[in-house]
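Here's the structure we're looking at; comments come further down.
Values in this document were obtained by computation on a predicted structure and should not be read as measured data.
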Amino acid sequence: MTIQPHYDYIIIGSGIAGLYTALLAMEHGTVLILTKGSIEDCNTQYAQGGIAAAVGPEDSPRYHLDDTLAAGAGLCNEEAARILAEQGPRAIAELVRLGVLFDTTNGEIALGREAAHRMPRVLHAGGDATGAQIELTLAALARSSRIHVQEYVTTTRLLLNDDGGRVTGVAGLDSRTGKESEYFGTYTVLATGGAGRLYRYTTNPEVTTGDGVSLAFNAGAAVIDMEFYQFHPTALCLPGAPPFLITEAMRGEGAILRNTNGEPFMERYHPQGDLAPRDVVSRSLLAEMHATGADHVVLDATHLPAEMLTTRFPSIYNTCLSHGLGITVDTIPVSPAAHYMMGGVLTNTEGETTLPGLYACGEVTGTGLHGANRLASNSLLETVVFGERLVQRTLEGGWSGPKPEGVVELDEPKATDSKAGPPTKESLQELMWDNVGILRDLDGLDNAARTLDAWQTQLPAGTNQTTHELANMVTLSRLMTTSALLRQESRGAHYRTDFPDTSSTWECHTVITKSRH
Ligand code: SIN
């Protein structure tokens with residue numbers, strides 16, 4: 001075990017949350033970024049639609065706030081949502097100052113429209129390559145700065161001080177040398193992103209195995225709202241092709257969902273039609289797929305101007321073309337895929353978790369900002385607004401982390417005689433897709449809970465990146481399944497076929513910590 005020099009800030013993850021926070025933090029101290037892949041290997045790269053902010057002439061933070069709260073189905077932390085909406089325009093100005101080139105039309109910022117936004121509000125870059133443009137800009141700045149970046153290091157656990165009350169750094173495994181090191185820091189920041197790889201079908205890249213939530217939970221931090229996982233309705237569904245994201249912004253430009261009989265159907269399900277909230281659209285797709293017996297519906301953009309499609313959606317155009325599909329003349333087969341984790345490590349609006357010394361930013365957090373269903377394109381903005389607040393909080397000193405109520409303790413499972421056999425990533429992804437997916441019920445959740453408990457006791461020793469990721473995936477799946485069992489209602493992205501109604505009794509959060517016994 002090698003002990004590395006002490007840093008002021010240790011940041012785990014190199015997507016927009018990690019890089020932006022690091023670029024601010026380096027003005028105030030030494031910064032180490034640890035990332036388990038290459039610096040650009042992150043979910044941010046894949047964000048297409050863009051970044052929402054009330055910058056349009058007709059828009060206002062009040063409208064952005066109201067749309068966020070409406071999408072969140074009664075569970076948003078209103079303070080977090082207000083901060084996001086009010087700080088949004090300033091955060092965009094910051095990204096522009098750092099060099100992000102947002103698309104313009106006639107010299108004005110171009111704004112796209114996405115589901116559940118009352119008006120066009122989504123800035124984009126490179127047409128549909130917004131995340132990639134932001135990531136490349138910030139990664140280039142980080143690489144040429146004094147930030148110390150260590151790539152290919154998997155964080156294996158959080159280090160605690162002697163009484164276990166404070167996080168003092170992390171242990172990491174270099175996957176190229178197999179060497180383990182301990183890294184000590186005053187502020188440890190989780191910016192590890194999401195967990196799409198818990199599911200068989202996902203828009204997320206390989207690295208999204210929910211590591212940050214598991215690390216925090218295992219160290220004793222509280223996690224919140226893990227039952228709320230968002231499925232994107234439109235991922236490419238072609239045999240042999242990965243489920244590539246087909247941005248909602250295409251529907252914002254007028255593309256129409258049709259079932260395989262050619263019938264448009266969203267008006268039958270929701271007054272906002274094709275731009276209904278994402279959870280509603282995902283469930284409607286499942287109903288249509290069930291009714292037609294097909295494994296997909298289609299997104300039809302063939303009536304839209306070809307030049308607009310090729311310039312506004314170049315990544316989608318080229319990806320589809322590489323699979324023999326011309327989106328200007330062919331409809332696009334699509335089906336839902338796992339997309340965004342709305343719960344996470346319980347975090348206040350200053351980035352503090354329940355463990356002193358441990359901070360979090362981005363998709364790994366559970367601030368309650370997204371409630372039960374995230375408003376499209378709020379997440380890139382979240383990282384910038386709350387990354388800045390996190391760094392500011394570290395400069396003020398002291399600690400005022402969240403004090404959760406109604407906490408449920410999750411026990412370590414006992415060894416069982418289950419015939420489930422040890423887990424693999426693939427078997428876990430099947431289990432989660434089939435039982436803790438878009439539609440849930442008691443039988444499926446119970447089955448998942450039992451299998452996951454058995455798997456937890458049969459995990460291979462953590463000796464490399466894959467085994468550590470597998471352990472994190474099992475822990476996270478247990479948290480999601482436990483929360484989904486607890487919440488006996490349907491709300492936002494959490495839909496229980498055995499409790500199809502929303503219940504005022506459940507207008508509250510689910511909070512879980514590891515049992516101390
Ligand atoms: C999309 O482009 O449809 C996804 C945007 C988001 O998830 O916020």
Side-chain angles (χ1 to χ4, degrees), residues 4-26 29-44 135 138-139 142 147-160 166-175 180-195 197 204-221 223 341 344-347 351-366 382-383 386-387 390-391 394 462 465 468-469 471-473 475-476:
Q4 304 280 342
H6 184 279
Y7 289 88
D8 294 312
Y9 297 86
I10 297 178
I11 295 176
I12 310 166
S14 60
I16 179 173
L19 292 178
Y20 187 75
T21 305
L23 288 165
L24 296 183
M26 76 173 187
T30 52
V31 180
L32 168 70
I33 293 179
L34 294 177
T35 184
K36 67 179 177 178
S38 79
I39 192 169
E40 290 90 1
D41 208 355
C42 61
N43 214 1
T44 301
E135 179 67 20
L138 300 189
I147 296 169
H148 187 182
V149 181
Q150 284 206 11
E151 297 174 299
Y152 305 103
V153 174
T154 301
T155 300
T156 55
R157 75 198 145 85
L158 299 178
L159 302 176
L160 297 166
R166 185 176 179 89
V167 173
T168 55
V170 306
L173 178 69
D174 188 319
S175 55
E180 278 202 73
S181 298
E182 289 188 342
Y183 305 83
F184 290 93
T186 310
Y187 313 107
T188 299
V189 182
L190 296 172
T192 47
R197 288 285 156 169
N204 294 185
E206 291 272 352
V207 288
T208 54
T209 50
D211 305 328
V213 177
S214 297
L215 289 167
F217 172 77
N218 285 332
V223 302
M341 179 171 72
V345 181
L346 177 58
T347 308
E352 294 168 312
T353 71
T354 54
L355 278 183
L358 184 67
Y359 299 74
C361 183
E363 189 170 347
V364 67
T365 64
E382 174 187 13
T383 62
F386 292 96
L390 184 163
V391 173
T394 62
Q465 182 178 336
H468 281 289
E469 285 178 340
N472 290 339
M473 290 164 79
T475 300
L476 198 60

### Query
Which pair of non-hydrogen atoms, one from Ala142 and one from Leu19, has the smallest distance, and what is that distance?
CB-CD2, 3.9 Å
## Note on the structure
salt bridge (charged side-chain N to carboxylate O under 4.0 Å, His left out) filter on Glu352, not counting sequence neighbours, yields Arg393
### Message
Can you give me the closest heavy-atom contact between Thr186 and Arg166, atom names plus distance?
### Response
O-NH2, 3.5 Å
### Task
Take Phe386 and Thr347 through the test side chain to side chain contact (heavy atoms under 4.5 Å, CB included) and record every step on the way to the result.
CA-CA 10 Å; Phe386 292 96; Thr347 308; over 6 Å; no
#### Entry: Stepwise side chain to side chain contact (heavy atoms under 4.5 Å, CB included) test for Val170 and Leu158
CA-CA 4 Å; Val170 306; Leu158 299 178; 3.7 Å; yes
### Query
Out of curiosity, Thr383 OG1 to Leu138 CG, how far, rounded to the nearest 0.5 Å?
8.5 Å
### Query
Hey, what do you get for OH (Tyr183) to OG1 (Thr168), rounding to the nearest 0.5 Å?
14.5 Å
## Note on the structure
Correct closest heavy-atom pair for Gln150 and Val153 would be OE1-CG2, 3.7 Å
### Query
Just how far is it from atom CD of Glu469 to atom CG of Leu476, taken to the nearest 0.5 Å?
12.5 Å
## Note on the structure
For Ser175, the side-chain hydrogen bond (donor to acceptor under 3.5 Å, both in side chains) test, sequence neighbours excluded, returns none
### Task
Measure the spacing between CD1 of Ile12 and CG of Leu190 and express it to the nearest 0.5 Å.
5.0 Å
### Message
Minimum heavy-atom separation for Ala22 and Ile33, please, with both atom names.
### Response
CB-CD1, 3.6 Å
Could you list the donor-acceptor pairs under 3.5 angstrom formed by side chains in residues 208-219, with sequence neighbours left out?
unit_1 : atom_1 : unit_2 : atom_2 : d
Thr208 : OG1    : Arg197 : N      : 3.4
Thr208 : OG1    : Pro205 : O      : 2.7
Thr209 : OG1    : Lys36  : NZ     : 2.8
Thr209 : OG1    : Asp211 : OD1    : 2.7
Thr209 : OG1    : Asp211 : OD2    : 3.4
Asp211 : OD1    : Asn472 : ND2    : 2.9
Asp211 : OD2    : Lys36  : NZ     : 2.6
Ser214 : OG     : Asn472 : O      : 2.8
Asn218 : OD1    : Lys514 : NZ     : 3.4
Asn218 : ND2    : Ser214 : O      : 3.2

### Task
Sort and list the pairs that fulfil side-chain hydrogen bond (donor to acceptor under 3.5 Å, both in side chains) and have at least one residue in residues 7-17, not counting sequence neighbours.
Tyr7-His148, Asp8-Thr30, Tyr9-Thr394, Ser14-Thr35
### Message
Once rounded to the nearest 0.5 Å, what's the spacing between atom CG of Asp174 and atom CD of Glu180?
### Response
10.5 Å
### Message
Can you tell me how far apart CD1 (Ile11) and OG1 (Thr188) are? Round to the nearest 0.5 Å.
### Response
10.0 Å
Give the table of side-chain donor-acceptor pairs shorter than 3.5 Å for residues 353-363, with sequence neighbours excluded, one pair per line with atom names and distance.
unit_1 : atom_1 : unit_2 : atom_2 : d
Thr353 : OG1    : Leu355 : N      : 3.1
Thr353 : OG1    : Leu355 : O      : 3.3
Thr353 : OG1    : Leu358 : O      : 2.8
Thr354 : OG1    : Ala222 : N      : 3.0
Glu363 : OE2    : Met341 : N      : 2.8

## Note on the structure
What one should report as the nearest heavy-atom pair of Leu173 and Gln465 is CD2-N, 4.3 Å
### Query
By salt bridge (charged side-chain N to carboxylate O under 4.0 Å, His left out), which residues pair with Glu182, not counting sequence neighbours?
Arg157
